[in-house]
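Notes follow the structure.
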Amino acid sequence: MATRRTRLLVVAAMLGCLAFATPVSVTMYMAWQRGHEDADASLDLLASHILRRAAMLRFQSNAAIDRLVAGGVQEACTVDDLDQMRRAAASSGYMQGIGRMRGNWLQCSSLTGNTPTDLGAPDRSYPLPGSPLAWDRVRLPRIDHTRFAVTARAGYAVLSLPELVSDIPLPPGAVVGQFATGDRKVMRASGDIDSEWLQHFSGKNTSFEDSQGRWVAIKLSDLGYTAAVAAMPASLVMTYVYNAAIGLLPVGLAIGSALLAIVLWRTHYLLSIGARLKRALRRREFHLVYQPVMNLRTNRCEGAEALIRWSPPDEQGMSPTAFIPAAERHGLIQQVTAQVMDIVARDAVTLIMAFPDIHIAINFSAEDLHSVETEARLLALLNLAGAQSHNIMIEATERGLMKPEKAKDFLMSIRARGFKVAIDDFGTGHSSLSYLATYELDVLKIDKMFVDSFEQESPTTKVAFHIIEMARALGLEMIAEGVETEHQRDVLRDAGVHYAQGWLFAKPMPIAELAAFIRSTNDS
Ligand SMILES: Nc1nc2c(ncn2[C@@H]2O[C@H](COP(=O)(O)O[C@H]3[C@@H](O)[C@H](n4cnc5c(=O)[nH]c(N)nc54)O[C@@H]3COP(=O)(O)O)[C@@H](O)[C@H]2O)c(=O)[nH]1
């Protein structure tokens, strides 16, 4: 079964990918959209340009014809008539010439003079006043290399160059043109107009991607009889997308990185010992084991030290040597001690009923000794367990005693109530001796380090004997910790140490086993 840590890492990896990929994908999508919008806008501009030029040509043609008609009907194709038409054509930059029409014949023109030319059937007619007719590509006599667009109305014909409308600066690969909306015939174009594009036209402005990935826009003229078409290759569209991405992607990357950092930070936090301890406190994952304290003279069990254990579900258990300092660092130790007291209160009920003189030792950290709530919790514990104060011993480590101004009043107060106070790990810190002078204590716990020294003579052995001497002189009871051999037990007993705990007698055990242990040990 996957551990909680593995599950958390898997979820965090998935969330991290999602947190990073989502804004990046969204901005890439936005860049794609914006790129296409920009391509659209660029094509729309080109199409508008063409339509504007075509409208200008139409406007100038109509104005010139209207002026000629208003000038009074004179005989067609006379010298004066040709002269008048030349002057009218010269008034506009778009018109190349003006001529006289009869049926489909260009009778004469300012460009060709009096050379009648059959234009053939017109390419289209417009349902406008005067029913204008249009020819798209007309060849005129003596003008070999040029094709003209011809529009005829009211007996006059305007000759123009198709290129003047479509000859505009284009981005590389782009194509523009103008076609008649009725027959979808291309009137003029710069580049090749694909018939597929015109099939797409449904009478409205539109833009689309063709089968070759080219982006195409079609825009209707004001009158609606013609439309401009503009297209660009896929590579050019991608340039617009790329340019949009340059602006947007850094934003996506920044947001993605920030979200990823939040996921990583949160994961790191959830995996941190602080978060795990908070969860353990919430879920009440701690339990206690009890290590018997033996009277070395009578070989009877007279008490037990409550030792915390943490075995989280789906996770490896952790030693209190690791998580107690972590709880102290993260400001959680008081909550841990409060849960220890709750468990002792629950465990002690039957034990104290069966053994009214038994004591249970509880380990207190510095913060516990400095808090006003601790005394209230101790009194509540007595209440809940139906215990007397002599049933509870407080074990304070040397670190807990480092601030006498904070710990002294508390220790005095609880001693006055009858609780016993022990100094734990004596001799392992810097100021052990000064604590003996500062505090009124009941018990000195001889650290395992000194007990171990009895196995092999060393300077520590001498210190151990001095500690025992000093405790005796101060009238303190002594409990030796970590007694593992009979030799250690005998040395301690002979030196006058009253109590001992250690694997020689028993390892820490659950409360149910402790009662059985006391019964069997004390009855034998
Ligand atoms: N603030 C709190 N501190 C607590 C609490 N419960 C435990 N602790 C402190 O954690 C340290 C490690 O404790 P633990 O792993 O439980 O080890 C204890 C004994 O199991 C161990 N021991 C006892 N006899 C022997 C032995 O013969 N050999 C051997 N190798 N180890 C032995 O010693 C530890 C008891 O230490 P002490 O408290 O100094 O008497 C430890 O510092 C605990 O104090 C808690 O609830 N709150």
Side-chain angles (χ1 to χ4, degrees), residues 277 280-281 284-294 296 301 303-311 317-348 359-371 374 377-378 381 392-402 407 420-429 432 443-455 478-489 492 497 499-511 513-514 517:
L277 282 171
L281 282 163
R284 296 196 159 259
E285 287 174 354
F286 299 109
H287 69 276
L288 294 179
V289 288
Y290 297 86
Q291 184 169 40
V293 175
M294 307 299 295
L296 289 178
C301 174
E305 181 181 0
L307 294 163
I308 194 166
R309 293 291 177 266
W310 179 26
S311 26
M318 194 187 280
S319 160
T321 47
F323 73 78
I324 290 292
E328 288 172 344
R329 272 197 317 277
H330 287 85
L332 298 169
I333 192 63
Q334 283 189 65
Q335 292 177 56
V336 172
T337 308
Q339 286 200 5
V340 167
M341 287 196 270
D342 286 350
I343 302 171
V344 169
R346 202 178 55 221
D347 286 350
H359 81 259
I360 293 177
I362 301 175
N363 286 283
F364 276 23
S365 290
E367 289 303 314
D368 301 314
L369 301 180
H370 303 164
S371 165
T374 310
R377 285 199 180 113
L378 274 172
L381 185 164
I392 302 298
M393 182 190 286
I394 297 341
E395 290 194 13
T397 54
E398 290 206 16
R399 227 153 18 91
L401 301 174
M402 268 164 65
K420 283 193 170 178
V421 176
I423 179 168
D424 201 1
D425 305 333
F426 185 83
T428 55
S432 306
V443 178
L444 184 150
K445 291 195 81 172
I446 302 166
D447 193 75
K448 182 173 186 309
M449 175 180 87
F450 299 111
V451 173
D452 287 343
S453 75
F454 294 136
E455 284 301 309
M478 287 170 271
I479 302 177
E481 291 184 305
V483 179
E484 290 179 345
T485 65
E486 291 179 353
H487 174 69
Q488 289 168 343
R489 177 199 62 195
L492 286 161
V497 174
Y499 302 100
Q501 60 187 86
W503 294 353
L504 174 68
F505 312 104
K507 285 195 171 175
M509 59 186 76
I511 188 71
E513 289 175 28
L514 178 67
F517 175 86

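Start at 1 and go down the list; that is how both ligands and their atoms are numbered.
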Any atoms of ligand 1 less than 4.0 Å from a non-hydrogen atom of E484? List them with their elements. 26 (C), 27 (O), 28 (N), 29 (C), 30 (N)
Using a 4.5 Å cut-off on heavy atoms from C-beta on, say whether the side chain of D368 contacts that of Q334. yes
Is there a side-chain contact between V443 and Y499 in this structure, where contact means two heavy atoms from C-beta onward sitting under 4.5 Å apart? no
Can you pull out the closest protein heavy atom to atom 24 (N) of ligand 1? Residue, atom name and distance to 0.1 Å, please. Q291 NE2, 2.9 Å
Under 4.0 Å from a heavy atom of K445: give me the atoms of ligand 1 that qualify, with their elements. 40 (O)
Closer than 3.5 angstrom, by distance alone: can the side chain of Q291 be matched with the main-chain N or O of A506 as a donor-acceptor pair? yes
Does the side chain of E305 come within less than 4.5 Å of K445's, by heavy atoms? yes
If we count only non-hydrogen protein atoms and require a distance under 4.0 Å, does atom 39 (O) of ligand 1 qualify as touching the protein? yes
Looking only at distances, can you tell me whether any N or O atom of Q501, backbone or side chain, sits closer than 3.5 Å to an N or O atom of ligand 1? no
Tell me, do P325 and R329 make a side-chain contact under 4.5 Å, heavy atoms counted? yes
Taking C-beta and beyond as the side chain, do L378 and F364 meet within less than 4.5 Å on heavy atoms? yes
Any non-hydrogen protein atom below 4.0 Å of atom 7 (C) of ligand 1? yes
pair R377-T337: side-chain heavy atoms closer than 4.5 Å: no
Verify the contact flag for atom 29 (C) of ligand 1, where contact means a protein heavy atom under 4.0 Å away. yes
Does an N or O anywhere in S319 fall below 3.5 Å from an N or O of ligand 1? no
Validation row: Q501, P292 side chains within 4.5 angstrom (heavy atoms): no
Give the atom numbers and elements of ligand 1 that come within less than 4.0 Å of a heavy atom of G502. 24 (N), 27 (O)
Among all the protein's non-hydrogen atoms, which is closest to atom 20 (O) of ligand 1, and how far away is it? P508 CG, 3.6 Å
Nearest candidate to atom 31 (N) of ligand 1, where distance is taken over non-hydrogen atoms, out of F323, F505, W503, W310: W503
Expected output: side-chain Q488 to main-chain T485 donor-acceptor under 3.5 Å: yes
How close do A500 and V483 get, heavy atom to heavy atom, and via which atoms? CB-CG2, 3.8 Å
Hey, does K507 sit under 4.0 Å from ligand 1 if you only count heavy atoms? no
For atom 42 (O) of ligand 1, find the nearest protein heavy atom and state the residue, atom name and distance (0.1 Å precision). D425 OD2, 4.8 Å
Heavy-atom proximity to atom 43 (C) of ligand 1, picking from I343, L288, L307, points to L307
Within ligand 1, which atoms have a heavy atom of T321 less than 4.0 Å away? 11 (C), 12 (C)
About how many Å separate CD1 of I392 and CE of M341, when rounded to the nearest 0.5 Å? 10.0 Å
At less than 4.0 angstrom from any non-hydrogen atom of G482, what atoms of ligand 1 do you find? 24 (N), 25 (C), 26 (C), 27 (O)
Per-atom filter on ligand 1: closer than 4.0 angstrom to a heavy atom of S365 are 1 (N)
Nearest heavy atom to atom 45 (C) of ligand 1 wins, so pick from V344, N363, I333. N363
Only heavy atoms of P320, strictly under 4.0 Å: list the atoms of ligand 1 that pass. 10 (O), 12 (C), 13 (O), 14 (P), 15 (O), 16 (O)
Quick check on contacts: which atoms of ligand 1 are under 4.0 angstrom from a heavy atom of V340? 46 (O)
Please confirm whether R309 approaches ligand 1 to less than 4.0 Å, judged on its heavy atoms. yes
Shortest non-hydrogen separation from F454 to H487 and the atoms involved: O-NE2, 3.1 Å
Can you confirm whether some protein heavy atom lies under 4.0 Å from atom 34 (C) of ligand 1, or whether none does? no
Looking at atom 36 (O) of ligand 1, what's its closest protein heavy atom, distance included? E481 OE2, 3.8 Å
May I ask you to identify the nearest protein heavy atom to atom 5 (C) of ligand 1, giving residue, atom name and distance to one decimal place in Å? I308 CG2, 3.6 Å
Closest contact, heavy atoms only, F323 versus L277: O-CD1, 3.9 Å
Can you confirm whether M402 is buried at CE, in the sense that more than 12 heavy atoms of other residues, nucleotides or ligands lie under 6.0 Å from that atom? no
